[in-house]
Amino acid sequence: MATSSPSSVELGSDEVKDYICNACEDQNNVETRADFFCKQCERFYCGNCIDSHGKALAKHTTFGRVEIDKWPVSKKVVDFLQTCDVHKDHKIDQFCNLHKHLCCPQCVSDQHSQCREVTQISELTNSQPSGLEGLSVELETVLGEIKTLQISQEASIQSLQRTYNEHREVMIEQMCGNLNTYIDKCDNNSVGTSGGNEQYLNEEMCRNVVSILNEFDNITAKELNEMKDEVISIKGSVTSSIHKCTSLHNDLSQFHEIVQKIGDHKELCLIASIKCKHIIQQALTLLGKSGKAFNVQSNAKHNVRISSDSYPCSIIGICVLTDGQVLVADRDNKRVKLLSQQYKVVSHWDVNAEPQDICQITPSEVAVLAVNISNIHGVQFITVNQGKLVPGRKFQLQHGCRFIAHHQGDLFVTSRRELYKYTLNGKLICRLYEDFHYGVWGCAVSPTGDRLYITSYWNKLHTLARDGTLLATCTDPALEGLYGLHVTPAGQVLVCGAWSNTVLQVGWEGESKLATLATREDGVWYPESVCYSSTTSSIIVGQKWDDTILVFRVE
């Protein structure tokens, strides 16, 4: 098989000389872009050299670049596929079936020398079909989904900025309205006053105007700065995700092109297939469609009670920050507690209300859903700053509340009967879903925001589209008394059956159970909350009237 010389330019570049003229290289040691391929000679020719070739070998079949699909795979592609991703100076020649890794000799020596299932690639070509046709279709599907995700994320950034701008305008209008109202009142009171009284009124008006402005500076400006910091943080996270989308889209596009050209070279087909599946798996994880079922390795209990607690703990909400610190909402003691990575209580904040749930907003900020003694429902923002919990702004809800979830500036709140969508500043966008028969209890959002998961109190898990359309329903006897609900960054769905004392994993489609992760035999009793920690690869479970949380290490 004829090959062209490699280029120093990365695969996928529009300017790369992927095929060069073999005649120019042989005669003049010059790299010239090839425009034709001769099937009989198995050589490449530029526009000049093809003329002399045609005169000498007129009956040979040649293909121009318009028929490049009939050309053999280029050496650039061969080198790209065969080069080890870790050891760039080595070629892939083996495969570890235990770890599902392509290996070069150095890989085997460093990491797989004790593995029993390391096989030469040449020996696998007959036993393992490449399945490139199916991969090509899958690549096209994933490419489309990645592009859709990127468009959605870009829209989220614009929506975030609009939310902040609208909130700022409302606050400024409110301040101006307060000033105008006060000035009008002063004008009415000044009618018919004498010179001395008029001077006193003017001085009093100035003092009150300054007071209104100071109040704006001290309260409203602080709130605006807080929201501005949130928007900046969330936009940074979304931008980072967009960059991952772009990188994966480029990788997937390259493999899609390779799959079309690779032909029937068995070893290259097998290597391309394995590498391609690895890239697709990365894309599915980014899309929140990981089908991996957790496997519990060990479990432990950690006490979260503090000396000033008046009642047994009821951990109704759990949230894990980016740095691995854990926040738990203790309903009966009306506290939010900060735990270290070792699950020790290092700080707490009294909510002066019953916390119902908690969700992460930024790497260091959470939103707490709470109900006070007057049955007023609201959202309180709390920032973790140097091991301390610092309360920020808050807003009230005009309905009951039970669960809260956040995705890229959108807040989702359940009321036990409905699911509502809010902006970060507390503006109600819409009611997405309602169920007055079975109820709307738990709430969680997929990593990409395109799927919403809600639970009813009567063993039903519903999966909704972004607009609230019902996509799927999962029922299981082990899901009695659904309370806790959580979605991991890879899209794995975790649910708790409080009455059945069970923690389950459901597929990202929301249609069926993947695994039973923990039961009463593992110490689970009336679980009310569940959360996954990427830092420790652990599932954390909070329970009713229990001073401990359960931590299950998984892989």
Side-chain angles (χ1 to χ4, degrees), residues 149 152-154 156-157 159-161 163-164 167 222-245 247 285-286 288 317-329 336-349 355 357-369 379-394 404-412 422-425 443-449 486-492 494 529-540 542 549 551:
L149 173 59
S152 172
Q153 290 172 329
E154 290 168 351
S156 292
I157 289 179
S159 176
L160 271 169
Q161 192 60 50
T163 296
Y164 173 73
H167 190 59
K222 178 183 177 182
E223 182 177 316
L224 286 173
N225 286 333
E226 183 182 330
M227 180 174 285
K228 182 179 180 181
D229 290 341
E230 288 171 2
V231 170
I232 291 172
S233 179
I234 296 170
K235 284 170 65 175
S237 176
V238 177
T239 301
S240 175
S241 183
I242 290 174
H243 290 160
K244 291 178 182 177
C245 284
S247 177
T285 299
L286 183 64
I318 304 174
C319 180
V320 180
L321 300 181
T322 307
D323 61 4
Q325 293 184 98
V326 181
L327 284 140
V328 297
V336 174
K337 299 174 180 177
L338 176 65
L339 314 182
S340 66
Q341 292 186 18
Q342 292 72 40
Y343 308 105
K344 302 294 184 182
V345 180
V346 296
S347 182
H348 72 275
W349 182 72
D357 195 21
I358 188 170
C359 71
Q360 185 173 9
I361 304 298
T362 72
S364 61
E365 185 186 46
V366 298
V368 179
L369 202 59
V379 176
Q380 172 73 61
F381 292 84
I382 300 176
T383 300
V384 179
N385 187 1
Q386 297 181 344
K388 301 294 182 182
L389 299 179
V390 182
R393 75 184 191 283
K394 56 185 176 182
I404 186 170
H406 169 255
H407 182 266
Q408 294 179 359
D410 293 325
L411 291 173
F412 301 90
Y422 285 85
T423 62
L424 280 176
N425 63 342
C443 173
V445 192
S446 69
T448 56
H486 177 74
V487 181
T488 74
Q492 293 133 312
L494 307 176
S529 55
V530 63
C531 192
Y532 174 74
S533 171
S534 301
T535 306
T536 59
S537 298
S538 300
I539 294 171
I540 308 168
I549 57 172
V551 179

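Treat the numbers as computed from the prediction; the structure is a model and nothing was measured. Counting from 1, the numbers follow the sequence of the chain as shown.
The closest side-chain heavy-atom distance from Gln492 to Ile539 is not below 4.5 Å. Between Pro447 and Val487 there is a side-chain heavy-atom pair separated by less than 4.5 Å. When side chains are defined from C-beta on, Lys235 does not count as touching Tyr164, because their heavy atoms never get closer than 4.5 Å. Residues Thr163 and Val231 have side chains not in contact (no heavy-atom distance under 4.5 Å, counting atoms from C-beta outward). Side-chain contact between Thr362 and Thr383 is absent, with no heavy-atom pair separated by less than 4.5 Å. The shortest side-chain heavy-atom distance between Leu327 and Leu389 falls under the 4.5 Å cut-off. Inter-residue side-chain proximity for Ile358 and Val328 is flagged as unmet; no heavy-atom pair is nearer than 4.5 Å. In this structure, the side chains of Val326 and Ile549 stay at 4.5 Å or more apart for every pair of heavy atoms.
One distance of note links OG of Ser241 with CG of Leu286; it measures 5.0 Å at 0.5 Å rounding. With rounding to the nearest 0.5 angstrom, the OH atom of Tyr532 is 9.5 Å from the CG atom of Leu494. For the atom pair CD (Gln360) and SG (Cys319), the distance works out to 5.0 Å, reported to the nearest 0.5 Å.
Considering Val390, Leu338, Val366 in turn, Leu338 is the only one that fulfils the side chain to side chain contact (heavy atoms under 4.5 Å, CB included) rule with Val384.
Counting only distance, with no hydrogens or angles, the side chain of Asp357 and the backbone of Ile404 share a donor-acceptor pair below 3.5 Å. For Gln341 (side chain) and Asp323 (main-chain N/O), a donor-acceptor pair under 3.5 Å exists by modelled atom type. Side-chain atoms of Ser237 do not come within 3.5 Å of backbone N or O of Ser233 as any donor-acceptor pair. For Glu226 (side chain) and Arg393 (main-chain N/O), a donor-acceptor pair under 3.5 Å exists by modelled atom type.
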Would you check, one step at a time, whether the test side-chain contact (heavy atoms from CB on, under 4.5 Å) holds for Ile234 with Ile361?
CA-CA 8 Å; Ile234 296 170; Ile361 304 298; 4.1 Å; yes
Between His243 and Thr239, is a side-chain contact (heavy atoms from CB on, under 4.5 Å) present by the stated rule, with each step listed?
CA-CA 6 Å; His243 290 160; Thr239 301; 3.7 Å; yes
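Looking only at atom types and distance, the side chain of Tyr343 has a donor-acceptor partner in the side chain of Thr536 under 3.5 Å away.
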